[in-house]
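Reviewing the structure listed below.
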Amino acid sequence: MGEIILTFKGMGGSTVPLEADPITPDLLQLKVRAEIERLPLYHGNEQLLLGDFFSVKGERSNQIRLRGDLSQVKNIGVGMQTGRIVIESSIGMHVGARMAGGEIQVHGNAGDWAGAAMTGGLLLINGSAGNRAGSAYRGSK
């Protein structure tokens, strides 16, 4: 099985974080490239398409590789249960939050709340982790 490679194109200088919740192996492993490009992402209160921010190579794989400066991209791998994500740069907030299985490798720094409320899986950060890494969200037991 190959891998899906998502290369970040940037946000045109915006400092508003990009919410990329759909980027999980659980969701992408069943999608062809055109379907991946049409997945909704939020930039502030505006819903846009994944293809507006990422070039996509590959399809139907539970292996995802992310390239480019992702320090303003958050929620990658949220709730993931299977597969593998390799991030070749720093990543924004909430990477691997509520993760139940699979593996995420970050080859850079991770923002706040990395691995928050994880119940399984493996999150490797080959850099610094932000505040509250691996902690519970407020109100959790």
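Computation of the quantities below employed the complete heavy-atom set of this structure, encompassing side-chain atoms and omitting hydrogens, waters and symmetry-equivalent molecules.
Rounding to the nearest 0.5 Å gives a distance of 6.0 Å between CG of L18 and CZ of F54. Distance check: L41 CG to I23 CD1 gives 6.0 Å after rounding to the nearest 0.5 Å. Rounding to the nearest 0.5 Å gives a distance of 7.0 Å between CZ of R60 and CD of E35. To the nearest 0.5 angstrom, R84 atom CZ is 7.0 Å from R65 atom CZ. Separation of atoms OG1 (T7) and CG (L66) is listed at 8.5 Å; rounding is to 0.5 Å. Distance check, rounded to the nearest 0.5 Å: CD of Q47 to CG of L49 gives 7.5 Å.
Side chains of H94 and N75: a donor-acceptor N/O pair is absent below 3.5 angstrom, by distance only.
Between S128 and I125 the shortest heavy-atom distance is O-CG2, 3.9 Å. V73 approaches I76 most closely through the heavy-atom pair CG1-CD1, 4.0 Å. Closest of all the heavy-atom pairs between A117 and Y137 is CB-CD1, 3.9 Å. When all heavy atoms of P22 and L27 are compared, the pair lying nearest together is O-CD2, 3.4 Å. Nearest heavy-atom pair, G96 versus M118, reported as atom, atom and distance to 0.1 Å: O-CG, 3.4 Å. Nearest heavy-atom pair across W113 and A136 is CZ3-O, 3.5 Å.
Taken together through direct or relayed side-chain contacts under 4.5 Å among Ile, Leu, Val, Met, Phe, Trp and Tyr, I91 and L124 form parts of separate hydrophobic clusters. Both V95 and M11 are part of a single hydrophobic cluster, where members link through side-chain heavy atoms under 4.5 Å apart. I85 and F8 fall within the same hydrophobic cluster, defined by Ile, Leu, Val, Met, Phe, Trp and Tyr side-chain heavy atoms under 4.5 Å apart, directly or through other members. L123 and M93 are members of different hydrophobic clusters when ILVMFWY side chains are connected at heavy-atom separations under 4.5 Å. Transitive grouping of hydrophobic side chains (ILVMFWY, heavy atoms separated by less than 4.5 Å) brings I87 and L39 into a common cluster.
In this structure, R33 does not pair ionically with E59, as no charged nitrogen and carboxylate oxygen lie closer than 4.0 Å.
Between T82 and D26, some side-chain heavy-atom pair lies under the 4.5 Å cut-off.
The number of heavy atoms from other shown groups lying within 6.0 Å of NZ (K57) does not exceed 12. Environment of CZ in R132: sparse, with no more than 12 heavy atoms of neighbouring residues, nucleotides or ligands closer than 6.0 Å.
Side chain of S61 to backbone of G2: a donor-acceptor contact under 3.5 angstrom is found. The backbone N or O of D112 lies less than 3.5 Å from no partner atom in the side chain of K74, so there is not a single donor-acceptor pair. Of the possible polar contacts, none joining the H107 side chain to the V86 backbone as a donor-acceptor pair under 3.5 Å is found.
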